[in-house]
Peer 1: 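Dropping the structure in here first, questions after.
Numbers for residues simply follow the sequence, beginning at 1.
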Amino acid sequence: MRDAEARRLWAANLLRAAAVPLTAVVPAFFMDGFTVLGTHLAWLCVCVLCVGTLNVGLCLVLKPSLPPKRSSVATKVSAFFSYCQPISRFLKCCIYFFMSCILFHAIIVLYGAPLIESVTETFLFAVLLSTFTTLQCLCMLGPNIQAWIRVFSKNGATSIWENSLQITTTCSILGAWFGAFPIPLDWDRPWQTRKVALLWPTNNRSM
């Protein structure tokens, strides 16, 4: 059983890792003049849509098996309402994702991104970072803050899927942070711009 779960996890991570390079290559066959550096906004949108759709699709198809929750009256009541109100659950996930985008946008600005200039690039990068982190948590754990706290606490992960969630989420954030190192250097390279230097380390976090 554990070997089967490990194979499913590896397959999911390989698909995620392959999706990012494909978003830089495939659109060029359908969009004239498409390049990662020249049309970075279009690439950001394509990347967000592809990775987000892939994450949701993998969650629906693979259905990661999480450890059973402790049986209690409160847990059973909460589970009952979560299944009886799928629309409310979906709206709550959307609100959490939007709040995550706003939070990441604010953090990126506080770390030195322009407040007014390039606001579109900054927000799209925040959306991309939320897609790699918050969306995966929502797909696997749902809008359950207690489950998030448990998984990301020390020794809180109790399955290989939760371990993978810890690693990919942490590496995405660290990749974005380390990607900012080349920006202040006076090399005048096209990839040194903020909109590009932050993207590839974030996107390659699962490789």
Peer 1: Trp148 and Phe132: same hydrophobic cluster, using ILVMFWY side-chain contacts below 4.5 Å?
Peer 2: yes
Peer 1: List the steps and the verdict of side-chain contact (heavy atoms from CB on, under 4.5 Å) for Arg16 and Val51.
Peer 2: CA-CA 7 Å; Arg16 293 190 185 105; Val51 174; over 6 Å; no
Peer 1: Can you tell me how far CH2 of Trp43 sits from OG1 of Thr23, rounded to the nearest 0.5 angstrom?
Peer 2: 6.0 Å
Peer 1: Quick one: does any side-chain atom of Thr168 pair with a main-chain N or O of Ser164 as donor and acceptor, under 3.5 Å?
Peer 2: yes
Peer 1: Which one of Thr169, Ile173, Ile167 satisfies the side chain to side chain contact (heavy atoms under 4.5 Å, CB included) criterion with Cys171?
Peer 2: Ile167
Peer 1: For the side chain of Glu121 and the backbone of Leu41, is there at least one donor-acceptor N/O pair under 3.5 Å apart?
Peer 2: no
Peer 1: Answer yes if the side chains of Thr158 and Glu162 hold a donor-acceptor pair under 3.5 Å, and no otherwise.
Peer 2: yes
Peer 1: What side-chain donor-acceptor pairs closer than 3.5 Å can you find for residues 94-101, not counting sequence neighbours?
Peer 2:
unit_1, atom_1, unit_2, atom_2, d
Ser100, OG, Ser130, OG, 3.0
Ser100, OG, Thr134, OG1, 2.5

Peer 1: Quick one: does any side-chain atom of Ser153 pair with a main-chain N or O of Arg150 as donor and acceptor, under 3.5 Å?
Peer 2: yes
Peer 1: Starting at OH of Tyr111, measure out to OG1 of Thr122 and round the result to the nearest 0.5 Å.
Peer 2: 15.5 Å
Peer 1: For the atom pair CZ (Phe104) and CG (Leu128), what is the distance rounded to the nearest 0.5 Å?
Peer 2: 10.5 Å
Peer 1: Rounded to the nearest 0.5 Å, what's the gap from CG on Leu58 to SG on Cys139? Could you check?
Peer 2: 9.0 Å
Peer 1: Going by side-chain heavy atoms closer than 4.5 Å, which hydrophobic residues are tied to Val25, directly or by a chain of links?
Peer 2: Leu22, Val26, Phe29, Phe30
